[in-house]
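I have placed the structure first, in the form of structure tokens, so that the comments after it can refer back to it.
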Amino acid sequence: MTDIPLKLFNSLTRQLEVFQPVHPGEARVYTCGPTVYNYPHIGNMRAYVFADVLGRTLSFKGYDLTHVINITDVGHLTDDADAGEDKMEKMAAQRAQSIWDIARHYTEAYWADIKALNIRQPARWTIATEYVPAMIDFAKGIAERHCYELDSGLYFDVSTVADYGRLARAHTDEGEGRIETVEGKRNAADFAIWRKTPPGETRQMEWDSPWGRGAPGWHLECSVMSGAVLGFPFDIHTGGIDHREIHHPNEIAQNQAHCCTNGLDVAANSGANIWMHNNFLVERSGKMSKSAGEFLRLQLLIDKGYHPLAYRMLCLQAHYRSELEFSWEGLGAALVRLKRLVMAVEALKTRHAELVSASIAPSDTATGEKFAPFLERFGGAVSDDLNTAIALTALEEVIAIKKVDAGDKLAVIAAMDTILGLDLLTLTRADLRIRPKVATITEAEIDATLALRKEARAAKDFATSDRLRDELAAQGVEVMDGDSLGWDWKLGE
RNA sequence: GGCCCGAUGGCGGAGUGGUUACGCGCCGGACUGCAAAUCCGUUUACGCCGGUUCGAUUCCGGCUCGGGCCUCCA
């Protein structure tokens, strides 16, 4: 399954393309990371699950992967691209905390989610504020030919590069002009690459530059960090689909200016050969938002008793380019699916251990042939623009195969899970039993009640036995006599 | 107003010019004191109107509905 060519959908050409590394044997990937002014919601995290699957696939296929994810801790504005407040500054003011404390707190919260979702660590987390000098150098390099200065900052003139906005399929004209434009801008789409601190104000985060004291523009950061660590052109740039319209076209324009090349008919001139975008996680009401005040964090799912990998499963069931509907019912379905996989693997591990201790050699020498078609299906699915939905079915079919050696089957499952990242070989059924925050009964109380019930059943006192079971059910505990775990939390809304 | 995307069975969600997606749920069976859990089996679909075709859920056109972007957003 490693020799199938990997096809990926390139947003720049809107076509599937066979992955051809810039550097033979290597894969260099940059992922637009979070702005750490608040907690990430689960929709945000979908982007990193997607990037993780991409990275795992590239690794699995033998490429030496260098994956970079940035942490935006400066420069991301609240509204209008040029006149708005910095998100970081705003949150710091609201919370009366240092902006650096805000950044650290939310970066750590983000990293906790990354870990909980079994997302592999990238080769490098690039922190935007550590690259400010590099950003200034980058801006200096393109300022003369591509930028102009206004009172509010240094602006990029999008008319100075060819094919501006191709990624977004944007027209060069400006439409309705609904946006409040900054006085003096040459083109409506021009954007700030350096934002001067207004006279008389002081920001918590500001740096000296040839254009005055201020802070870098958001778009500049990604150009600089990706180029600095991966070198232009690199292989793949990923991000949420929203970035396809503004952020990435602007990034591309800067990259073109920096590399002194023109024309996006040659994809590499954009800075990356392939631009990939994951679609949104949505709720009935529309896409997820943080603006409503309360939003879906991974921790909320955990508090309700859902294992975080159930969310990963939910993501894997859909194609990354499709919108995915979130519901508690759907999350529950994903959890059940995950649980059944985990139970099957646990049973296999037990069986395998028995065979090994009894020194029974695998009887079926043709076992590899039985797995071959499923491995091929799995590999084909993943290679077809990361179709994890199909890949999952191949995994489940492998689990259902009868009369094969347990060890061999485990090896196949392990190989598949290298890409899916569901942690199937180490996760246990008990790990999935997460205590809901609302539960009041202690596990000791549950054990005590179960012990009483066991006595009653032994005495064939089923009235007592059923009463005790009902009592537990009333407290959100589901008794399962035929399950090795014995009981589970009953999840519901 | 402009650009773009989607519409699949109870829910989620793949995919395809003629053949079972799949998962969860429902239903039936095994197991169980009865259940639950588990395992096995099973049911229901491709928004509307035209066109192309021997044949369309799949291609083309129109319509309706929904969503996204055009301002920050994964």
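Chain naming here is simple, since letters A, B, ... match the order of the sequence lines and numbering starts at 1 in each. The figures here come from the full heavy-atom set of this structure, side chains too, leaving out hydrogens, waters and symmetry mates.
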What contact category does Leu324(A) fall into here, base, sugar-phosphate, or nothing, at under 4.0 angstrom with non-hydrogen atoms? sugar-phosphate

Between Gly240(A) and Arg377(A), just flag the one whose closest nucleotide in RNA chain B comes earlier from the 5' side. Arg377(A)

Quickly work out the Glu325(A) CD to A7(B) P distance and round it to whole Å. 13 Å

Near Arg429(A) CZ, under 6.0 Å, is it more than 12 heavy atoms from other residues, nucleotides or ligands? yes

Rounded C1' spacing from U53(B) to U43(B) in Å: 32 Å

N/O (side chain, Arg340(A)) to phosphate O (OP1/OP2, C39(B)) under 4.0 Å: yes

Are Tyr155(A) and Phe191(A) an aromatic pair, judged by ring center distance below 6.0 Å? no

Length of the line joining Phe280(A):CZ and C5(B):P, which is rounded to integer Å: 16 Å

Using the C1' atom on both, measure G13(B) against A7(B) and round to a whole Å. 13 Å

Under a 3.5 Å cutoff, is there a donor and acceptor pairing between the side chains of Thr129(A) and Asp73(A)? yes

With rounding to the closest Å, how many angstrom separate the C1' atoms on U44(B) and C4(B)? 33 Å

Using the rule side chain to side chain contact (heavy atoms under 4.5 Å, CB included), only one of Leu16(A), Val18(A), Thr57(A), Leu386(A) pairs with Leu8(A); which is it? Leu386(A)

To the nearest angstrom, how far is Tyr320(A) atom OH from C5(B) atom P? 16 Å

Of the candidate nucleotides A74(B), A21(B), A14(B), which contains the atom at the shortest distance from the side chain of Ala47(A)? A74(B)

Answer for the Watson-Crick or wobble partner of G23(B), both distances under 3.5 Å, is C11(B)

With rounding to the closest Å, how many angstrom separate the C1' atoms on G1(B) and G9(B)? 38 Å

For C5(B) and C11(B), measure between their C1' atoms and round to the nearest Å. 22 Å

OP1 or OP2 of G15(B) less than 4.0 angstrom from a side-chain nitrogen or oxygen of Asn387(A), does that happen here? yes

Rounded distance in Å between the C1' positions of G2(B) and A56(B): 33 Å

Any side-chain donor-acceptor pair under 3.5 Å between His237(A) and Glu251(A)? yes

With sugar-phosphate meaning primed atoms plus P, OP1 and OP2, does Lys339(A) contact a base, only sugar-phosphate, or nothing at under 4.0 Å between heavy atoms? sugar-phosphate

Would you kindly check whether a donor in the side chain of Ser465(A) faces an acceptor in the base of G33(B), or vice versa, at under 3.5 angstrom? yes

Would you mind reading off the distance between Leu314(A) atom CG and G13(B) atom C1', rounded to a whole angstrom? 10 Å

Does the base of C34(B) carry an N or O that pairs as donor and acceptor with the side chain of Arg469(A) under 3.5 Å? yes

Looking only at the side chain of Ile246(A) (C-beta and beyond, no hydrogens), which of the listed nucleotides C70(B), A74(B), C11(B) gets closest? C70(B)

Leu395(A) atom CG is separated from A14(B) atom P, nearest whole Å, by 18 Å

Distance alone, cut at 3.5 Å: any donor-acceptor contact between the side chains of His319(A) and Thr388(A)? no

Short side-chain donor-acceptor distance under 3.5 Å, Asn187(A) and Asp190(A): yes

In this structure, how many angstroms lie between the P atom of G15(B) and the CG atom of Leu392(A), rounded? 13 Å

Which part of the nucleic acid, if any, lies within reach of Gly43(A) when heavy atoms closer than 4.0 Å are counted: base, sugar-phosphate only, or nothing? base

Who is the Watson-Crick or G-U wobble partner of C3(B), with both distances under 3.5 Å? G68(B)

Side chains of His248(A) and His219(A): donor-acceptor distance under 3.5 Å anywhere? no

Need one value for His319(A): base, sugar-phosphate or nothing, where a base atom within 4.0 Å counts as base even if backbone is also close, heavy atoms only. sugar-phosphate

Examine distances only and state if a side-chain atom of Lys349(A) and a backbone atom of Leu425(A) form a donor-acceptor pair shorter than 3.5 Å. yes

Could you check whether Tyr110(A) and Tyr39(A) have their ring centres less than 6.0 Å apart? no

Less than 4.0 angstrom between a side-chain N/O of Ser322(A) and OP1 or OP2 of G6(B), yes or no? no

For A45(B) versus G23(B), give the span between their C1' atoms, rounded off to a whole number of Å. 16 Å

Under a plain distance cut-off of 3.5 Å, with no hydrogens placed, do Asn70(A) and Tyr131(A) share a side-chain donor-acceptor pair? no

G23(B) P sits how many Å from Met343(A) CE, rounded? 17 Å

Within the side chain of Lys339(A), is there an N or O that forms a donor-acceptor pair under 3.5 Å with the backbone of Ala334(A)? no

Give Tyr48(A) one of three labels, base, sugar-phosphate or nothing, depending on what nucleic acid heavy atoms sit under 4.0 Å from its own. sugar-phosphate

Pick the nucleotide of RNA chain B nearest each of Ala333(A) and Ala318(A); which residue has the one closer to the 5' end? Ala318(A)

Arg244(A) CZ to C3(B) C1', straight-line distance once rounded to whole Å: 10 Å

In numerical order, the residues of residues 476-488 of chain A whose heavy atoms come under 4.0 Å of RNA chain B are Glu478(A), Val479(A), Met480(A), Asp481(A), Gly482(A), Asp483(A)

Members of residues 453-463 of chain A that approach RNA chain B, where some heavy atom sits under 4.0 Å away: Arg453(A), Arg457(A), Phe462(A)

Taking U38(B) as the reference, what is the distance to C24(B) when you measure between their C1' atoms (whole Å, please)? 16 Å

Would you state whether a donor and an acceptor, one from the side chain of Asp466(A) and one from the base of G33(B), lie under 3.5 Å apart? yes

In the strands shown, is C54(B) matched to any nucleotide by a Watson-Crick or G-U wobble pair with both distances under 3.5 Å, and which? G18(B)

